Novice: 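The structure's right below; bear with me while I get my questions together.
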Number of protein chains: 2
Amino acid sequence: MRDFGKKLRIMLIDDNANHLRGIKELISLETNYNVVGATRSANLGINLVKKYHPDVVLMDINMPEKDGLQAIQSIVKSGVQTNIVILSGYDDSDLIYRAMKLGAKGYVLKTMASSKLIDAIEEVASGKIYLPAVLSTRFFEYFQNAAKEESKTCEGENLLTTLTVRENEVLELLTEGINYKSIAQKLIISETTVKTHVNNIFQKLQVNDRTNAVLYALTHGFKSESSVSPKSAMMSAV
Amino acid sequence: MRDFGKKLRIMLIDDNANHLRGIKELISLETNYNVVGATRSANLGINLVKKYHPDVVLMDINMPEKDGLQAIQSIVKSGVQTNIVILSGYDDSDLIYRAMKLGAKGYVLKTMASSKLIDAIEEVASGKIYLPAVLSTRFFEYFQNAAKEESKTCEGENLLTTLTVRENEVLELLTEGINYKSIAQKLIISETTVKTHVNNIFQKLQVNDRTNAVLYALTHGFKSESSVSPKSAMMSAV
DNA sequence: ACTTGCCTAAATCTACAGATTGATAAAATT
DNA sequence: AATTTTATCAATCTGTAGATTTAGGCAAGT
């Protein structure tokens, strides 16, 4: 939680000198903020963040030297506890999506009123997310679209449901890339029995080999019985 | 875009009779809304939505008969163009996450001021997302956490980067579950060359067979060169 | 000129995958 | 009681996967 007794330490990163100065002046007007760094270089900015651990980082996302998204990643990966607010000229849904996915806590357009920037700083500093309604809508455009695409692969008579309990067990081991012999040992049955099961699985999943069986399983939401917590495994797009 | 000349057609689904009545009365106070249906049954509600195509569906997410999340899924799957606003007593981050992922356009807590509900209706009816700041923060708690978990699997010296261009091409075909002969035909090289590449891939990825190579590729964010648009493939958690 | 890395390829060989057929016994359905 | 499904196993056979070794051509860097 934010300590109102102390000034918020803020870091600015923007390759555009004019913007940098403008923002700096804007923030200087606020008595309870303290600009601990301002730089036009993304790489330098990242190092400064690591050194000074600011409460909030205001960062442009369009920088020539280093991609803003990469910069977010670098800072997040570094483990420094800070709150990144993206300053962007664009409201592309996928840019917003990626920035937020990488761990940005706020996103503000440069065209927005400067008061929004102050709002953003306050919100993220107190552990909240700041994403104005317009940008939130943009974000969800991408997010829900991606989710829809994904759900398509799970649709249409999921053949996995036709598998018996035993076949599920076998398939689970198959998806771990284990060979017949090891599967037989793990399930304490003979290797030929395993082969029988695997063949039945192939027929049910309408594939010809284990690689395709595993692919089918993974792209159709196969979950092992044992795994209680459904591991999230959203991917790519980053 | 919303046509302000016509009244917004609204559907209510809430298993709690008192809530249902309360919301109905609340909405009736607004002159430009038209409640085209109100039911305590989730299943009936879904059918009513299919029949009457309301502009907005206000739906409780805690219903005994059918899970609210499933209800969202049913409506979205049906292809009916409508905007679902979730009414919930809980602000669990994963509940919000799942509801939004399934395609809900708004999320309002029952404890919130009734004016928020009106706001939500207006926003979603005009194609926007309505997610109050508190709930947005909750949503991103889950979202960013999931993304972090995911990124872990991609971390640590991604061996995929060590692959040559050609090896990448071969690996891509491997991940499609194609055999040596077909790969050779597709790349117009001999089968033995393919084997050589595959063996090199195995060594680089530190695996012994194609199944494990494919598994490694899929769990470490393998992307083919050709795929321009990064297909999102976020999964599970639903 | 020399080294290094990549793509290509052949030959050989072992081991495992996968197809096929057939059979038994228990369990669940009807 | 009769039938179907499931789980188990055996034997056989073909094909492919994958390991290994050797090697030529080619491009890029030292």
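Keep in mind that this is a model prediction, so the values were computed, not measured. Proteins come first, then strands; the chains are lettered A, B, ... in the order of their sequence lines, and each starts at number 1.
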Novice: Taking all heavy atoms of A:Thr162 and all of A:Lys204, pick out the closest pair and write down the distance.
Specialist: O-NZ, 3.0 Å

Novice: Could you give the CZ-to-C1' distance, from A:Arg210 to C:dA17, as a whole number of Å?
Specialist: 7 Å

Novice: Please list, in numerical order, the residues of residues 183-202 of chain A that have a heavy atom closer than 4.0 Å to any atom of DNA chain D.
Specialist: A:Ile189, A:Ser190, A:Thr192, A:Thr193, A:Thr196, A:His197

Novice: For A:Leu205 and C:dG18, what is the distance between atoms CG and P respectively, to the nearest whole Å?
Specialist: 13 Å

Novice: Does B:Thr164 place a side-chain N or O at less than 4.0 Å from the phosphate oxygens OP1/OP2 of C:dC7?
Specialist: yes

Novice: Is the positively charged end of A:Arg210 above the ring of A:Tyr180, judged by distance under 6.0 angstrom from the centroid and angle within 45° of the axis?
Specialist: yes

Novice: Figure out the CG/C1' separation between B:Asn212 and C:dC16, and round it to whole Å.
Specialist: 14 Å

Novice: Any Lys/Arg nitrogen of A:Lys101 or B:Glu150 sitting under 4.0 Å from an Asp/Glu carboxylate oxygen of the other?
Specialist: yes

Novice: Donor-acceptor pair, A:Thr137 side chain versus B:Ile129 backbone, under 3.5 Å?
Specialist: yes

Novice: For the pair A:Asp67 and A:Arg98, find out whether any cationic side-chain nitrogen is under 4.0 Å from an anionic carboxylate oxygen.
Specialist: no

Novice: In whole Å, what is the span from the CD atom of A:Gln203 to the C1' atom of D:dT5?
Specialist: 15 Å

Novice: Atom CG of B:Asn179 and atom P of C:dG18: how far apart are they, to the nearest Å?
Specialist: 11 Å

Novice: What integer distance in Å separates A:Asn208:CG from D:dA17:P?
Specialist: 12 Å

Novice: What's the CD-C1' distance between B:Glu167 and C:dT8, to the nearest Å?
Specialist: 13 Å

Novice: Hey, what do you get for CD1 (B:Ile183) to CD (B:Glu169), rounding to the nearest 0.5 Å?
Specialist: 11.5 Å

Novice: In whole angstroms, how far is the C1' atom of C:dA19 from the OH atom of A:Tyr180?
Specialist: 10 Å

